[in-house]
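All figures in this text were calculated on a predicted structure; none of them were measured in a lab. Residues: numbered from 1 along the sequence shown.
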Amino acid sequence: MTLTLSAAEKVLADNFAPWVLDLGLTVESLASADGHEAVLRLPWSDRLAREGGGLSGQALMAAADTTTVIAVAAARGGFVPMTTVQQSISFQRAVVGADVLVRARLTKAGKRMAFADITMTAEGTQETAAHATAVYALLG
């Protein structure tokens, strides 16, 4: 079963805490060639900026986590209960005044565990702003 963009948006709307929804994430694309992938857009907001004007690391980490859930849902054809086991992130350059495209690609999606590689780039650039890896336990 293939997850459509509208179904992915519904997964996003129905399964996350209100403060995560306040980030304004939207599903940009889903792909399944060479593994399952989701791309979400984190829109720029002054509310998410830290001192100095760059997008906060907390917002980027939440966006990486959320995008990975959508990638797992795409791999499973819909939402399944899961929990983050591990997430590691490296911040490489500040994002100021630009939306961020968050790309989560599953490197392995098993029956009980999923592993993801996540890249975050400011819109209009190819330079990585942050890179994360994540491991999820699939509960259902």
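Follow the hydrophobic side-chain contacts under 4.5 Å out from V85 and you reach F115 in the same cluster. Under a hydrophobic-cluster definition in which Ile, Leu, Val, Met, Phe, Trp and Tyr are linked whenever side-chain heavy atoms come within less than 4.5 Å, directly or via other members, F91 and V95 are assigned to the same cluster.
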Verdict with reasoning, R41 to L101, per side-chain contact (heavy atoms from CB on, under 4.5 Å): CA-CA 5 Å; R41 175 181 297 272; L101 297 176; 3.9 Å; yes

Test log, rule side-chain contact (heavy atoms from CB on, under 4.5 Å), inputs T121 and Q126: CA-CA 6 Å; T121 57; Q126 296 298 321; 6.0 Å; no

R103 vs E37, side-chain contact (heavy atoms from CB on, under 4.5 Å): CA-CA, chis, key distance, verdict: CA-CA 7 Å; R103 179 179 312 274; E37 179 179 282; 2.8 Å; yes

Pair I70-L40, side-chain contact (heavy atoms from CB on, under 4.5 Å): steps then yes or no: CA-CA 9 Å; I70 300 301; L40 271 60; 4.2 Å; yes

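A donor-acceptor contact shorter than 3.5 Å is absent between the side chain of D117 and the backbone of T133.
Counting heavy atoms from C-beta on, the side chains of T67 and M120 never come closer than 4.5 Å. F16 places none of its side-chain heavy atoms less than 4.5 Å from the side chain of L25. Contact check for M82 versus F79: side-chain heavy atoms found under the 4.5 Å cut-off. With contacts defined as side-chain heavy-atom distances shorter than 4.5 Å, the pair L42/L55 qualifies.
Among all heavy-atom pairs drawn from L60 and A130, the shortest one is CD1-CB, 4.5 Å.
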